[in-house]
Amino acid sequence: MNPDGAPKISENSRRIARNTLALYFRMLVLLAIGLYTSRVVLHSLGETDLGVYTTVGGFVALFAVISNSLSAAISRFLTFELGKGDQDRLRRIFSTAVVIQALIAAGIIFLAELAGPWYISRYMTIPPDRVHAAKVVFQFSVVTFAVNLVSVPYNASIIAHEKMTAFAYMGIFEGLCKLAIALLISVAPMDSLVFYALAMCLVAVAVRVVYQVYCRRNFRECRGKMAFDRSLLREMSGFAGWNFIGAASGVLRDHGGTLVINLFFPAAVNAARALAIQVNGAVSQFATSFMTSMNPQITKSYASGDRKYMMSLAFRGSRFSLYLLMMLSFPILFNTPYLMDLWQVDVPDHSVRFVQLVLVLTMVEAVSAPLVTMMLATGDIKKYQIIVGGLQLLNVPLAWIALKIGGAPELVYVVAIALSVACLAARMILLRGMVGLDTRAFCVQVLGNIALVAAVSIPLPLVLSKVLGESFLNMLLVCTVSVLCTGAAVWTLGLGRQERDFLKAKAFEKLGISKDGQRS
C-alpha cells in the first residue's frame, strides 16, 4: 500500500460500486413491481379506501417519532463499531438494541391503542360507512409497524456489514408478496380494505422472520442469548434523546402533512398524495440505493480517523445522488400529466402537482443526505438537532396555517421545500465546526456544479414539452432528449477527470476490454 492509502480507497470504491449495483438491481425490480402494484391497488380499493388506508397509516407512522431516533442510534453504533473492530462491544450493542426495540414496540402498541380509535372517530375525515373498516385497518397497521420496528437491528446489521446482495433479494421477496396481495384484493372473501391491511401485516411478519434467520446465520453479533447492557443503554439513549428532535421532525413532515390535508380536504386528496409518494419512492430509490451503499463507508472512515476520505465520500455522495435523481426526475417533471394518465385509469385531482413538488423536495433532500450521515457519525448531535430539527418541526404548523387561510393542498409541499433549503444551509454551517466541512468548497464543488448541470440539462427538453402535443411518441422523444441532455451535462460538467477515468475503467472491465481497446 502506498502512503496515501490508495489501494484501500480503491477497494472501498469497488465495494461501493458492487453494493450499488446490487441495490440498483433490487430497485429496478421493485420499481416495475411497485408501479404496477399501485395501479392495481387503486383500481381495486378505489380513491376513498386508498385514502383511508393512507390516512390511517400516516397516523400510526406518527408513533415513529418515539422509535426513529433510537433506530438511527442503532445503525450508527453498529456501523461505527465495525469501523473500530471491537467484536465484543458490537455483540453487546446488537443484543441491547433488540431488547430496546422490543420494549419500545410494546409501548407504542399501548399508546396507539389509547389514542387511535378516539382520533379516528373524532377527527379523521372518513365516510361514515368506512369508519369501522378504518378502525380494523388501524389495528393491523399498528401490528405491522411494531413488527417492522423490531426488525430494525437486523436491517441495520445487514447494511453495516455492507451485504447489499442479501438486502436486495429480501426486498424483491417483499415486493413480490405485495404484488400478490394487490392481485388478490378483487377476489378477497372479506372487505377489500380490511383484507389489504391484514395481508400487508402478514408480509411484514414473513419478512421479519427472513431477516432474523439470515442475520443469525451470517453475523456473529446476531447469535446467542439476548442480553441487556445498561451502560450501552445510557450511551445510546443520550444519542437517541437528541436525535429524537430530528427523527420527530422528519416523521411529522412526511406523515403529519397527510393528516393536515385530511383536516381540510376529503380522503380522495390523500389518495392523490399516496400516488405522488409512490412515484417519488420509485424514483428516489436510485439515490437511496447509492447512499445506502456509501453511508457505512462514511461512518467507518470517521471511526478510523480518515477524515479526508470521509469528506471525499460526502462530496461525491451529494453530487452523484442528485445526478441520479435528475436523470429520472426531469423526464417525469416534463411529462407528468401524460405519464399519470398512462399509469392510472382514473387520476385523482392534485396528483400531477403533488408528483412534481415531491420530486423537487426529494432532490433538495438528496444533497443533504451525506451531511446527515457525517453528523450522525460524530455522535455529538445536540446543537445540530436543536437547530436543524427545530427548523423541520415548523413543517406541520406552517402547513396548517397555509391551509387554514384557504391555500391549496399543494402548499404542504411548498412549505416543506422551503424549509428543506433552510435546513441544508444550517447543516453546512454547523458541520463546518463539527467535522471541518469546507463550506466554500461544498458550495462550489457540489452546489455550483449541480446548478451548472441543471442549467444545461433543462432548457431543450422543457421547450420540447411545451411545444409538442401530448402523445406517446412525443413523450418518448422528450424523455430521450432529457436523459441525453442530463447525461451529457453530468459527464462533461458534473464529473472530474478521475471520476470519468474510474467509470470508463469499470465499463471496460465489465465488457472484458483492456485499456488499449483490445478484448481480453
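Residue numbers start at 1 and run along the sequence shown.
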Is there a side-chain contact between [X] and [Y] (heavy atoms, below 4.5 Å)?
X	Y	value
Val463	Lys466	no
Ile298	Tyr309	no
Gln356	Val360	no
Phe330	Ser457	yes
Leu357	Val412	no
Val372	Met375	yes
Thr373	Met310	no

Applying side chain to side chain contact (heavy atoms under 4.5 Å, CB included), name anything that partners [X], two or more places apart in sequence or on another chain.
X	answer
Met311	Met374, Val435, Leu437
Val446	Phe315, Ser318, Arg319, Val367, Phe442, Ile450
Val207	Phe173, Glu174, Val203, Tyr211
Ile429	Arg432

- Item | Pairs satisfying side chain to side chain donor-acceptor pair (under 3.5 Å), at least one member in residues 399-412, at least two apart | His350-Glu410
- Can you run down the side chain to side chain donor-acceptor pair (under 3.5 Å) pairs that involve residues 433-450, sequence neighbours left out, and say none if there aren't any? Tyr323-Asn449
- Main-chain N/O of Gln392 paired with Asn395 side-chain donor or acceptor, under 3.5 Å: yes
- Query: Is a side-chain N or O of Ser312 found less than 3.5 angstrom from the main chain of Lys308, in a donor-acceptor match?
  - Reply: no
To the nearest 0.5 Å, what is the distance between [atom1] on [X] and [atom2] on [Y]?
X	Y	atom1	atom2	value
Met326	Leu322	CE	CG	4.0 Å
Ile417	Thr362	CD1	OG1	9.0 Å
Ile386	Leu391	CD1	CG	12.0 Å
Ile332	Tyr338	CD1	OH	15.0 Å
Ser321	Met363	OG	CE	13.0 Å
Leu411	Ile401	CG	CD1	12.0 Å

So, for [X] and [Y], which heavy atoms are closest and what is the spacing to 0.1 Å?
X	Y	answer
Pro331	Leu339	O-CD1, 4.2 Å
Met200	Ile181	N-CD1, 3.9 Å
Val364	Ser420	CG1-OG, 3.2 Å

- Query: What residue pairs, at least two apart or across chains, pass salt bridge (Lys or Arg N to Asp or Glu O under 4.0 Å) with a residue in residues 360-376?
  - Reply: Arg253-Glu365
- Pairs flagged by ring pair (Phe, Tyr, Trp, His ring centres under 6.0 Å) wherever residues 443-481 is involved - sequence neighbours left out: none
- Sequence-distant partners of Arg427, side chain to side chain donor-acceptor pair (under 3.5 Å), two or more places apart: Ser368, Tyr384
- Query: Who are the side chain to side chain donor-acceptor pair (under 3.5 Å) partners of Ser151, not counting sequence neighbours?
  - Reply: none
- Query: For Val456, which of Thr492, Val490, Leu493 qualifies under side-chain contact (heavy atoms from CB on, under 4.5 Å)?
  - Reply: Leu493
Residues 473-488, side-chain donor-acceptor partners within the protein, below 3.5 Å, at least two apart:
{"from": "Asn474", "atom 1": "ND2", "to": "Gly469", "atom 2": "O", "distance (Å)": "2.8"}
{"from": "Asn474", "atom 1": "ND2", "to": "Ser471", "atom 2": "OG", "distance (Å)": "3.2"}
{"from": "Thr480", "atom 1": "OG1", "to": "Leu476", "atom 2": "O", "distance (Å)": "2.7"}
{"from": "Thr486", "atom 1": "OG1", "to": "Ser482", "atom 2": "O", "distance (Å)": "2.8"}

